Amino acid sequence: MEQTALMTEMGRDWDKFHASDIARKLPFFSRENRLHDCLFSQQFDRALLDYLFAVADRLRAVTQNKTGADTVSQLLAHKRAMLYFVQPSTRTFLSFLNACHILGLKTSEIRDTSTSSEMKGESPEDTVRTFSSYVDLIIMRHPTPGFVEKTAWFMNRIKRPVPVINGGSGKDQHPTQALLDVYTLHRSLPGGPEGKTIVMVGDLKRGRTVRSLSYLMKNYRGVKLVFVSPPQLRMEADILEFLQRHAIPYRETDDFASVMPEADAIYMTRIQDEHDQAEESKSLDLSRFHFRAQDLKVIKPNAIIMHPLPRRHEIEPVVDDDDRAVFWRQERNGMWIRAALISYIFGVDGQIPAPGKT
Ligand code: CP
């Protein structure tokens, strides 16, 4: 359905739009068959994922030398981006910042509402509209579920629509983390995720990265998911229902040791106690959900160990020295795949020279 027709049908009612089925909403966030806003993992199909992986590979190869890096840094030198990260972040913020700089985008940032006019009573909606007066791209992390989507919905209704990228939204979604996770699976496992057993461990209830990664698995044949968590932190029903609907086999257990030997990828996560209502996580013994040096002897010789980071105690630091620990590479992959995504949103992906052609 055309964006304008969708808008007419749904009127100007955000609540009605927000409550609509995701399949109906997605066209609203695309333009000329190309992603305009990046908000949900469900926006990525297999063809787009494979294409973005190729663009990211090309970017990292061509920028190895100064001539290539200079060429790429001119592609978006006429554009500006706003990074509005009002929830803590190290790698998402820095990888987006550096992805912008690789492509030549100039950047500005707000990382704390106490330094913005929201402190004078300006609404968050007016604040982000203000950004749109100055920049060509908004990249956001926000603690309120749905707020990033609302920003994109709003931007698409004004005369100068500015693309919005979701850098993490409440407990809800973190689509570019899922993008870098699946890019890491693609680069680190022969044949990528297809036919692999992926074991996700930890706080699956409140971890937005595992939610977003689960959505992406519909693009790969033969994937099996194993969810390992204490009963209190099980994966939410909406994700389990999504997996059933797409015939993606999964099972749930609290016995991490028993499933380690079958894993092709182990995706560790930390406890998300910032979402605690009454310090309920404090009483949980999570030591059974940690990966230790001795576990390296149990897992497959070619399995990989992932983590979106930051970590606390989930992975012993000594594990970092094993070649199967890919989380530091995963972090770096994020910068390249985010640069690929931004180049795609602005339609300059086709201008990235092949290595050796600069
Ligand atoms: N993985 C991730 O989102 O890390 P940050 O919170 O540091 O951005």
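Here the structure is a predicted model, which means the values were calculated and not measured. Whatever order the structure lists them in is the order used to number ligands and atoms, beginning at 1. Here, residue 1 is the first one in the sequence, and each next residue gets the next number.
- W153 carries R157 over the face of its six-membered ring, with the cationic atom under 6.0 Å from the centre and within 45° of the normal.
- With salt bridges taken as basic N to acidic carboxylate O contacts below 4.0 Å, none links E236 and R211.
- Near ligand 1, S89, T90, R91, T92, R141, H174, Q177, P308, L309 each place a heavy atom less than 4.0 angstrom from the ligand.
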(request) Kindly indicate, with the supporting measurements, whether the criterion salt bridge (Lys or Arg N to Asp or Glu O under 4.0 Å) is fulfilled by D349 and R34. (result) CA-CA 12 Å; D349 43 292; R34 191 173 267 259; 2.8 Å; yes
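- Heavy atoms of other residues, nucleotides or ligands lying less than 6.0 angstrom from CZ of R292 number more than 12.
- Between F96 and T107, every side-chain heavy-atom pair lies at or beyond the 4.5 Å cut-off.
- Take S133 and apply the side chain to side chain contact (heavy atoms under 4.5 Å, CB included) test, not counting sequence neighbours, and it matches no residue.
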